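To start, the structure itself, in structure tokens.
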Amino acid sequence: MNVFSDFRDTVAAAVAALQRRGELPEGLDLERITVEPPRDPAHGQMATNAALVLARAARRRPMEIAALLREEIEGAAEVVEAEVAPPGFVNVRLSDDLWRRQIPVVLRAGEDYGRCDLGRGLRVNDEYCSANPTGPLHVGHGRGTVYGDALANLLDFAGYRVTREYYVNDGGAQIEAMARSVHHRYRELLGENPGPMPDGLYPLEELIPVAKAILERDGDRWAGRPEEEWLELFGREGVEAMMARIREDLDALGVRYDVFVSERELIAAGRIEEAIAFLETKGLVYTGTLPPPKGKQMEDWEPVPQLLFRSTAFGDDIDRPLRRSNGAWTYFAADLAYHLDKIRRGADLLIDVWGADHGGYVKRMQAAVKALGEGRAELVVKLCQLVRLYSGGEPLKMSKRAGRTVWLREVVEEVGRDVFRFIMLTRKNDAPLEFDLRKVVEQSKDNPVFYVQYAHARICSVFRNAAEAGIATDPETLAAAPLDRLRDPAELDLLRQMAGWPRVVEGAARSFEPHRIAFYLHDLAGAFHALWTRGKEEPGLRFLLAGEPGSTAARLAMLAAVRRVIANGLRLMGVKPVEEMH
RNA sequence: GCGCCCGUAGCUCAGUCGGAUAGAGCGUCGGCCUCCGGAGCCGAAGGUCAGAGGUUCGAGUCCUCUCGGGCGCGCCA
């Protein structure tokens, strides 16, 4: 299917041949054998460590095994040259033709080029963003949201069955706080002058329209009434309005979900009791008293017997409370119900994307999933570090106080969806990310998005020029192109980079690291830009050559394939490939 | 005090399942626009991979410890 997995088969065949000849023992562990393009081009285009890995079990010297492997591999198809390098690598040069033949492979596969079956249809539930419905999304939410969305694209492409999910925390104390905030605004609108927004409530301006809508519909009937009468209504109206706003924010980012799950509905359906009853049957729930946290001053700490989940049985540091002293369920209890719900809906792998400030929650949730899934479901938590926002080198403080928060949508509207998404994916999820608003819009040089998009646009430009010159660019012509005209090292280098795409997809999917796509595309674009500039110095290397229809067709086929790979990569990132730069 | 994450070039960061002489962008210095789009290309300088042990044929990568930074640490979500 791709050059790398094919060569892996070649190596495996060579090992098997040596086993038949009695040079290597049977029953070797081939798992640790790797096949990879060496960093140093002097080491060929493909290298394997097979001899090094097998030496111990085979009780032979690595160099001896390597020499034997070299003989076998040299006879294999597409291998031009194989050599042994100390301490026992076998380095291989593959035929130019093999690389050229990747062009029709790419063109035929089209949008599916790079798709693989790594996931084998495994059902993945990918939950990301899940911001509380108490306000619009801010910039900090954007990173996890883009990460989770790109990860979903990636895993889908790698053969997983992905559900994209948003957990709406519409049931906790924060909703009551929002309800009171709306009521406060309601009283303001009635001219009651209730004073400044009390601490712990939300001073967001975005809640004023919610209060206004209630006022217009219900008049002053909730004024001066006890909380029990209006709290739920105000909370529900607030959640509805904020979720509508959040959906707009998600739209602006180009993020779509399959499922929104409401915490309130789970609770109303008795799912918490269900989850806890299930754990009780396993003997994992008990009433006990937790020790005070060490090293942290807790003046008001009092020993309180609570209903606890025995998470220590699954690697957590302490057992975790399920009920508060006032009898209410903890957030963790609701999360048990929610994760049980995910498992029951049929997920083999759960992915939770959280902010780094939730790191302390990982162990207990993994313990919970182990207990609830009885070992059948796995929970992977990906923590996204903070986004440090700057403007022209000056840090922007993002405090919770009203007016200082930077809303996601403002930023997306300012820099554009594609730029925002790409930048969010230029860092590993567990590394902090610097985002400078002004640099990103003013200085495109600092912006890897444009570098990649420029490559795509330049290729499109070549095709526009070809069309103007009356050169055929239809798929049949490109498919019939004499690809052996592609002989320049820079051309072959570009083809080799391009052929690495399936390997990048696999690696990125395996490690849940969509950022690898961004770096790969940057490198691929680099190889293309380099070739482009060579054409300035050596006119014979230009893509469109008057009087040489064969070479022109071959180069157009190559460009079409490279453009395809760039487009596929950008698509997984959720970034639009552009045909022209402005 | 405990747990999790991080420490790689002046800055921001990559670094493949443990592979060979550690890379990119920005910044600095020097080159390339009669020519398919210069938002581009080529070159130079810049590194005790925080430190010390260990495992291994081989460690930026795995293990232990130390130092430094971030996040978190009953009944908040």
Side-chain angles (χ1 to χ4, degrees), chain A residues 31-34 36-40 42-43 47 49 52-53 55-56 61-63 85-89 91 132 134 169 171-175 289-296 298 301-304 306-308 316-328 330-332 334-335 355-363 383 385-386 426-428 430-434 436 439 443-448 450-451 453-455 457-458 461-462 464-466 469 500 503-504 506-508 510-511 515-516 518-519 522-523 526 529-537 539 542-545 580-581:
Chain A
E31 260 309 294
R32 290 178 55 224
I33 295 181
T34 61
E36 56 189 5
R39 261 198 292 247
D40 185 345
H43 294 140
N49 63 353
L52 290 160
V53 171
R56 183 181 292 264
R61 294 229 289 269
M63 288 297 281
F89 291 101
N91 295 331
N132 286 339
T134 51
N169 289 119
Q174 84 279 8
I175 300 302
T289 306
L290 290 172
K294 293 189 175 97
K296 193 190 174 212
M298 307 239 22
W301 191 87
E302 284 173 40
V304 176
Q306 287 177 291
L307 192 66
L308 300 170
D316 198 2
D317 304 317
I318 54 168
D319 293 334
R320 302 294 175 174
L322 297 168
R323 253 190 218 283
R324 293 189 248 162
S325 51
N326 68 6
T330 60
Y331 179 80
F332 180 55
D335 246 354
D357 54 341
H358 290 60
Y361 209 73
V362 173
K363 280 186 184 177
L383 299 177
Q385 286 291 332
L386 302 180
T426 52
R427 292 291 175 265
K428 212 163 31 183
D430 53 9
L433 190 153
E434 269 191 14
D436 193 311
K439 271 190 181 174
Q443 286 192 344
S444 48
K445 270 199 296 188
D446 284 352
N447 197 328
F450 291 116
Y451 188 77
Q453 289 196 319
Y454 187 36
R458 272 181 151 176
S461 157
V462 172
R464 283 192 297 270
N465 288 331
R503 180 180 161 85
V504 170
E506 262 190 55
R510 199 189 302 277
S511 51
H515 77 277
R516 294 193 194 191
F519 284 88
H522 193 269
D523 289 346
H529 287 308
L531 180 59
W532 175 288
T533 309
R534 290 273 320 275
K536 289 184 169 299
E537 296 146 11
R542 290 186 199 164
F543 306 122
L544 304 178
L545 296 172
E580 282 177 282
M581 308 289 282

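These values consider heavy atoms only, across backbone and side chains, with no hydrogens, waters or symmetry-generated copies. Every chain is numbered from 1, with letters handed out A, B, ... down the list of sequences. Everything quoted here is computed from the prediction, not taken from an experiment.
Side-chain proximity of A:Trp532 to the nucleotides B:A77, B:G40, B:G38 is greatest for B:G38. With B:C36, B:C42, B:A24 as the candidates, the nucleotide lying closest to the side chain of A:Ala530 is B:C42. Counting only heavy atoms from C-beta on, A:Ala457 has its side chain closest to B:G37 among B:A77, B:C41, B:G37. Side-chain proximity of A:Thr533 to B:C41, B:G3, B:C36: nearest is B:C41.
Between A:Arg458 and the phosphate of B:A39, there is no side-chain N or O to OP1/OP2 separation shorter than 4.0 Å. Proximity of A:Tyr451 to the phosphate of B:C26: no side-chain N or O atom is located under 4.0 Å from OP1 or OP2. Between A:Ser461 and the phosphate of B:C36, there is no side-chain N or O to OP1/OP2 separation shorter than 4.0 Å. Contact annotation: A:Lys536 reaches the phosphate of B:G38 (side-chain N/O to OP1 or OP2, under 4.0 Å).
When all heavy atoms are compared, the tightest approach of A:Leu290 to A:Gln306 is CD1-OE1, 4.4 Å. The heavy-atom pair separating A:Ala356 from A:Leu383 by the smallest distance is CA-CB, 4.3 Å.
Atom CD of A:Gln453 is separated from atom P of B:G40 by 13 Å (rounded to the nearest Å). One can place OH of A:Tyr454 at 11 Å from C1' of B:C36, the figure rounded to the nearest angstrom. Computed from coordinates, the A:Asn465 CG to B:C36 C1' distance equals 6 Å when rounded to whole Å. One can place CD1 of A:Ile318 at 17 Å from P of B:G72, the figure rounded to the nearest angstrom. We find that NE2 of A:His522 is positioned 12 Å from C1' of B:G40, with the value rounded to whole Å. Between A:Asp316 atom CG and B:G72 atom P there is a gap of 18 Å when expressed in whole angstrom units. Look at CZ on A:Phe450: it is 14 Å from P on B:C26, rounded to the nearest Å.
Here, B:U8 and B:C13 have their C1' atoms 9 Å apart, quoted to the whole Å. Nucleotides B:G1 and B:U55 are separated by 31 Å at their C1' atoms, to the nearest Å. Annotation: B:C49 and B:G68 have their C1' atoms spaced 16 Å apart (nearest Å). The separation of B:G47 from B:G10, taken at their C1' atoms, amounts to 12 Å, rounded to a whole angstrom. A gap of 15 Å separates the C1' atoms of B:G15 and B:G7, to the nearest Å.
Partners of A:Tyr331 under the ring-ring contact (aromatic ring centres under 6.0 Å, His included) rule, at least two apart in sequence or in another chain, do not exist in this structure. Residues meeting the side chain to side chain donor-acceptor pair (under 3.5 Å) test with A:Thr34, sequence neighbours left out: A:Asn49. For A:Arg427, the side chain to side chain donor-acceptor pair (under 3.5 Å) criterion is met by no residue, not counting sequence neighbours. Scored by the ring-ring contact (aromatic ring centres under 6.0 Å, His included) test, A:His43 finds no partners at all (sequence neighbours excluded). Under the salt bridge (Lys or Arg N to Asp or Glu O under 4.0 Å) criterion, A:Arg516 pairs with A:Glu513, not counting sequence neighbours. Applying the salt bridge (Lys or Arg N to Asp or Glu O under 4.0 Å) test to A:Arg464 and every residue at least two apart in sequence or in another chain returns nothing. Every salt bridge (Lys or Arg N to Asp or Glu O under 4.0 Å) that A:Asp317 has, sequence neighbours left out, goes to A:Lys363.
In terms of position along RNA chain B, the nucleotide closest to A:Arg534 lies nearer the 5' end than the nucleotide closest to the other residue of the pair A:Asn169 and A:Arg534. Nearest-nucleotide mapping onto RNA chain B: of A:Pro303 and A:Leu386, the residue sitting toward the 5' end is A:Leu386.
Going from atom CD1 of A:Ile318 over to atom CG of A:Leu308 covers 9.0 Å, rounded to the nearest 0.5 Å.
For A:Arg542 against B:C35, a side-chain-to-base donor-acceptor contact under 3.5 Å is present.
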Exercise. Toss me the dot-bracket line for RNA chain B: Watson-Crick and G-U wobble, both under 3.5 Å, 5' to 3', using | for pairs to another strand and [ ] for crossers.
Key: (((((((..((((.....[...)))).(((((.......))))).....(((((..]....))))))))))))....

Quiz item: What string of B, S and - do you get for nucleotides 10-20 of chain B, 5' to 3', if B is base contact, S is sugar-phosphate-only contact and - is no contact with any protein heavy atom under 4.0 Å?
Solution: --SSSSBS-BB

